[in-house]
Number of protein chains: 2
Amino acid sequence: MALEHAILVSLLEKPGSGYELARRFERSIGYFWTASHQQIYRVLGRMEADGRLVVREVEQQGRPDKKEYSVAGPGRGALADWLHKPIEPESLRHDLAVKIRGAAFDDPAALIREVERHRQAHRDRLAHYLAGEARDFTGPEAPAPPDAGQELQHVVLRGGIAYERMTIAWLDDVLDTLHRLTGRAPGPAV
Amino acid sequence: MALEHAILVSLLEKPGSGYELARRFERSIGYFWTASHQQIYRVLGRMEADGRLVVREVEQQGRPDKKEYSVAGPGRGALADWLHKPIEPESLRHDLAVKIRGAAFDDPAALIREVERHRQAHRDRLAHYLAGEARDFTGPEAPAPPDAGQELQHVVLRGGIAYERMTIAWLDDVLDTLHRLTGRAPGPAV
DNA sequence: TCCTTCTATGCAACTCGTTGCATAGACAAG
DNA sequence: CTTGTCTATGCAACGAGTTGCATAGAAGGA
């Protein structure tokens with residue numbers, strides 16, 4: 001149930017509504033965890049019922065009212081418990097790799113466009129991460145000296161950057177392989 | 001439902017029982033997709049009911065009988081459909097990153113052991129992958145020249161190797177950061 | 001006026017994935 | 001002869017995650 005913990009961390013960094021959390025999960029938190037708004041609202045409701053969060057109705061001008069959540073004592077305790085408990089090193093779930101291996105039973109050439117599309121998506125993400133890094137950590141606007149929270153956010157972001165760079169390089173390798181196979185043996189190869 | 005497709009690919013590479021598939025998902029297929037035996041048996045049953053797989057009872061000596069599954073025409077068609085349909089670039093789900101960011105609200109030093117443990121697990125996986133690569137692709141026993149299927153399996157494995165190397169380097173970065181924070185500001189830092 | 005977009009919250013139904021448990025044949029060690 | 005291990009299959013219950021739909025206030029444009 002790591003979504004709960006990701007929400008606790010995000011709300012400790014800054015209280016917010018379900019809608020705001022959903023947007024954070026599209027950017028900074030989204031570097032390492034994703035969630036849809038339906039999931040977030042459901043979990044927020046449960047955590048509030050369990051006493052891990054407190055909610056405050058906030059009236060707004062020019063917008064619908066919102067419910068701002070923040071972390072209660074038991075929520076902080078639950079997060080601390082989880083932080084002190086070992087977790088299993090996660091395993092990959094990589095659809096594209098399944099496709100690549102499946103291409104042996106279809107037309108490898110047909111996969112080239114798909115791989116190029118993914119490569120572009122990763123290039124876009126990398127650019128986005130680098131822009132965020134410059135804005136928040138390495139640029140002239142960045143706070144100096146950073147506190148522990150910022151150091152930790154930065155090292156997580158560096159992980160995202162390393163991941164995207166590695167993935168782009170690997171997709172280049174995949175494209176080379178597909179071109180080689182296509183040149184050598186056009187059409188289905190089984 | 002990529003598990004279905006991963007099973008189809010694996011059974012096209014070589015027919016097998018649920019038990020055998022579960023073991024493959026602990027090794028070669030497991031480089032990029034994981035599944036427990038319960039999940040596999042359930043999906044195998046459904047796919048057989050849907051006519052995507054055919055099953056054959058095989059009597060064995062010195063072992064319980066097994067059910068050997070292989071891919072039927074409709075299964076191959078379903079795989080081809082999926083291969084030709086674009087998929088979304090996957091997003092990460094990285095528990096450890098949640099913990100690292102959460103450490104700002106706890107004791108960063110307490111995380112060092114956990115990160116070291118993960119680092120060791122990734123080193124072990126890397127060694128395992130490299131051994132597999134030498135055995136199947138780059139060593140003297142490897143088939144030469146490889147066919148398309150082997151080329152594609154190899155490039156996927158190279159992706160796993162690149163991922164592990166990247167992750168180990170990143171975890172070193174994380175450890176440096178945690179040591180720096182611990183030396184500078186022992187105890188909780190919020 | 002209607003349409004769209006953005007903010008904001010939520011339900012219902014379904015599939016996917018995990019956890020715990022159960023069964024059972026074959027074989028080896030003690 | 002019991003215990004443990006490996007092979008082999010499976011159910012039941014639950015929690016996690018996705019998809020589709022619904023509602024509603026505020027703002028801006030056609």
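We name chains A, B, ... by the order of the sequence lines, and we start the count at 1 in each one. No hydrogens, no waters, no symmetry mates; every other heavy atom, side chains included, goes into these values.
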Can you tell me the distance, in whole Å, between the CD atom of B:Gln60 and the P atom of D:dT7? 11 Å
Rounded to the nearest Å, what distance is computed from the CD1 atom of residue B:Ile87 to the C1' atom of nucleotide D:dT18? 16 Å
B:Ile161 reachable from B:Met166 in the ILVMFWY side-chain graph, under 4.5 Å edges: no
So, is B:Tyr19 near the phosphate of D:dT7, with a side-chain N or O under 4.0 Å from OP1 or OP2? yes
Is the A:Trp170 to A:His122 ring centre distance short of 6.0 Å? no
Whole angstrom is fine here: how far is it from CZ in B:Arg23 over to P in D:dA8? 7 Å
Those residues at least two apart in sequence (or on a different chain) that pass side chain to side chain donor-acceptor pair (under 3.5 Å) with B:Glu68 are B:Arg56
Roughly, in whole Å, what's the span from CD in B:Glu20 to P in D:dC6? 17 Å
Measure from NZ on A:Lys66 to P on C:dC6 and round the result to the nearest Å. 19 Å
Can any side-chain N or O of A:Arg117 pair as donor or acceptor with the backbone N or O of B:Ile87 at less than 3.5 Å? yes
Could you state the CD-C1' distance from B:Gln61 to D:dT7, rounded to the nearest angstrom? 15 Å
Taking atom types as modelled and ignoring hydrogens, do the side chains of A:His5 and B:Asp95 form a donor-acceptor contact shorter than 3.5 angstrom? no
Atom pair distance, as rounded to whole Å: CG in B:Leu21 and C1' in D:dT7: 15 Å
Below 4.0 angstrom from OP1 or OP2 of C:dG25, is there any side-chain N or O of B:Arg63? no
Length of the line joining A:Asp65:CG and D:dA26:P, which is rounded to integer Å: 9 Å
Does a nitrogen or oxygen in the side chain of A:Tyr41 sit under 4.0 Å from OP1 or OP2 of C:dT9? yes
Atom pairs under 3.5 Å, N or O on each side, protein against nucleotides 15-24 of chain C: can you list them with distances?
{"residue": "C:dC16", "atom": "OP2", "partner": "B:Arg46", "partner atom": "NH1", "Å": "3.2"}
{"residue": "C:dG17", "atom": "OP1", "partner": "A:Arg93", "partner atom": "NH1", "Å": "3.0"}
{"residue": "C:dG17", "atom": "OP2", "partner": "B:Gln39", "partner atom": "NE2", "Å": "3.0"}
{"residue": "C:dG17", "atom": "O5'", "partner": "B:Gln39", "partner atom": "NE2", "Å": "3.4"}
{"residue": "C:dG17", "atom": "N7", "partner": "B:Arg42", "partner atom": "NH1", "Å": "3.2"}
{"residue": "C:dT18", "atom": "OP2", "partner": "B:Gln39", "partner atom": "OE1", "Å": "3.1"}
{"residue": "C:dT18", "atom": "O4", "partner": "B:Arg42", "partner atom": "NH2", "Å": "2.6"}
{"residue": "C:dG20", "atom": "O6", "partner": "B:Gln38", "partner atom": "NE2", "Å": "3.2"}

Quick test of your reading of the model: are B:Arg24 and B:Glu13 salt-bridged, counting only N-O distances below 4.0 Å? no
Output yes when at least one side-chain N/O atom of A:Ser17 is less than 4.0 Å from OP1 or OP2 of C:dT9, else no. yes
B:Glu48/B:Lys67 salt bridge by N-O under 4.0 Å criterion: no
